[in-house]
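Take a look at the structure set out below.
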2 protein chains.
Amino acid sequence: MSSDLPDTRTRILTATWKILESRENPARMSDIAKAVGISRQALYLHFPNRAELLVAVTRHIDEVNDIDARLAPSRAATGVARLDAYVAAWSDYIPEVQGVARALIALQDRDAEAARAWAGRLAAVRHGFEAAVQAVDDSGALRPGLAPAQAVDLLCALVSVETWTRLVQEDGWPQDVFTATMVRLARNAVCTR
Amino acid sequence: MSSDLPDTRTRILTATWKILESRENPARMSDIAKAVGISRQALYLHFPNRAELLVAVTRHIDEVNDIDARLAPSRAATGVARLDAYVAAWSDYIPEVQGVARALIALQDRDAEAARAWAGRLAAVRHGFEAAVQAVDDSGALRPGLAPAQAVDLLCALVSVETWTRLVQEDGWPQDVFTATMVRLARNAVCTR
DNA sequence: GTGTCAACTTTACACGCTGTCAAGTTGATC
DNA sequence: GATCAACTTGACAGCGTGTAAAGTTGACAC
């Protein structure tokens, strides 16, 4: 408690997080600087470019949210319940990362580093879905004729930031309705009835 | 047959269409001009800006593909079959519009006109889904507890350009597998079993 | 007190892309 | 031979990112 203010780097991360959450038009570096209360150039003292700032924000969000704790229930479950738990956990996590995610997606076209960063995040989510599908398959509940890899593809495509944006942000669905619907949909998509 | 070449406007439209289909990085105005074989400035003699060019390309694609004929089978069907037919028709149309769609989506953040244009296209698709859901509801097959508007939201979010890009473009699904999966998924999502 | 150092500010500028402007060139038509 | 539309060439403003350089400030060492 020797210092009241968190260090500048942390202030940048939280301010960027918040500004990306709130506004949909892509926050410029100058907008972020203004939000932090520093000059635009000071941003470049802490992060070499926009892409790395965004990546650092995602890591910061994971840290603050204790991503491991969020996923614990999913890892504890088995069979279809494991799929349910993972879909619910990821669905409920999307609101936290949605802002940065959209910024990274938008940057993807022009910035190779942003593309790699976002691909890395997707790979992590995919990894979770792979474990969930494995659990479903182990319990014999995987839909016949559906290869595990295909099931994972489908789940990643369905329970995505894009779907969340459409339903929650644009169509005004409450978060809990979104999560419940995704859980049902995911089960229907890859499990036997 | 007085002239062998189509007029410049048409050549711009088809060239833009093709270049957007092939490459994923956003084609610049100079890239398009080069593909047409004219100067960058000549583009601005035909279209006031990038957004209106893209919009014109979507209209051109609709014309070339005779969108009405594609939707005829869907309009002829009733009940759940109508939903199936519409989902299949839209799924099979996505590959045609996907290039321009992605360009418009990318432009959305920075260009209000592009945002409106893309919203208009989505509204047209949504209108089709509304009719399909109505048909399902009329036949008493709409999932209990699911409001028609919610069903439409869900279908729009599921059978989307974004989902297609993920599964077909990134995961390498064959188009027919995508379409079949979307038909099944859509039915599971909004119909009683 | 003076010096030093890190963090930050201010100002300026290069680059890439979009869109605008103005002055040619060309080729068909009257 | 004049005219006109379509197109070219070249130049430039605006905007956002990222780089560069010189100046300010405050803490800490000695």
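Convention: sequence-line order gives letters A, B, ...; per-chain numbering from 1. All values below come from the heavy atoms of this structure, side chains included, with hydrogens, waters and symmetry mates left out.
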Practice item. Calculate the interatomic distance between B:Lys34 atom NZ and D:dC7 atom P; express it in whole Å. Key: 19 Å
Check your understanding: Got a donor-acceptor pair under 3.5 Å from the side chain of B:Arg40 to the base of C:dG19?
Key -> yes
Exercise for review: Heavy atoms only: give me the nearest A:Asp109-B:Ala106 pair and the separation to one decimal.
Suggested key: OD2-CB, 3.7 Å
Point to revise | Gap between atoms CG and C1', on A:Leu53 and D:dG16 respectively (whole Å) | key: 15 Å
Practice item. Find the distance B:Ile38:CD1 to D:dA5:P and express it as a whole number of Å. Key: 19 Å
**Study point:** 5'-most by nearest nucleotide on DNA chain D - A:Arg28 or A:Pro48
**Key:** A:Arg28
Review point. Looking only at side-chain N and O atoms, does A:Thr8 come under 4.0 Å of OP1 or OP2 in C:dA7?
Key: no
Point to revise | Nearest-nucleotide comparison on DNA chain D, the residue closer to the 5′ end among B:Ala42 and A:Met29 | key: B:Ala42
Point to revise | Residue pair B:Glu96 / B:Arg70: nearest heavy atoms and the distance that separates them | key: OE2-NH2, 3.8 Å
Exercise for review: Ignoring the backbone of B:Tyr44, work out which of D:dC7, C:dT20, C:dT9 is nearest its side chain.
Suggested key: C:dT20
Exercise for review: Give the rounded distance in Å between these two atoms: CG of A:Asn49 and P of D:dG16.
Suggested key: 18 Å
Point to revise | B:Gln41 side-chain proximity, nearest of C:dT10, C:dT18, C:dT20 | key: C:dT20
Check your understanding: Tell me, do B:Val64 and B:Trp17 make a side-chain contact under 4.5 Å, heavy atoms counted?
Key -> yes
Exercise for review: Quick one: label B:Arg50 by what it contacts on the DNA or RNA (base, sugar-phosphate, nothing), any heavy atom closer than 4.0 Å.
Suggested key: sugar-phosphate
Practice item. Check the pair B:Leu83 / B:Val183 against side chain to side chain contact (heavy atoms under 4.5 Å, CB included), numbers first and verdict last. Key: CA-CA 8 Å; B:Leu83 176 65; B:Val183 169; over 6 Å; no
Review point. Between atom CG in B:Leu43 and atom P in D:dC7, what is the gap in whole Å?
Key: 10 Å
Review point. What's the CZ-C1' distance between B:Phe47 and C:dT20, to the nearest Å?
Key: 18 Å
**Study point:** Polar side chain donor-acceptor pair, B:Thr179 to B:Asp176, under 3.5 angstrom
**Key:** no
Study note, to complete from the structure: Between CD1 of A:Ile12 and P of C:dA7 the distance, given in whole Å, is 12 Å
Review point. When the distance from CG of A:Leu54 to P of D:dT17 is rounded to whole Å, what number comes out?
Key: 11 Å
Point to revise | C:dA7 OP1/OP2 closer than 4.0 Å to side-chain N/O of A:His46 | key: no
Practice item. Could you work out which one of C:dC8, C:dT18, D:dT9 sits closest to the side chain of A:Leu45? Key: C:dC8
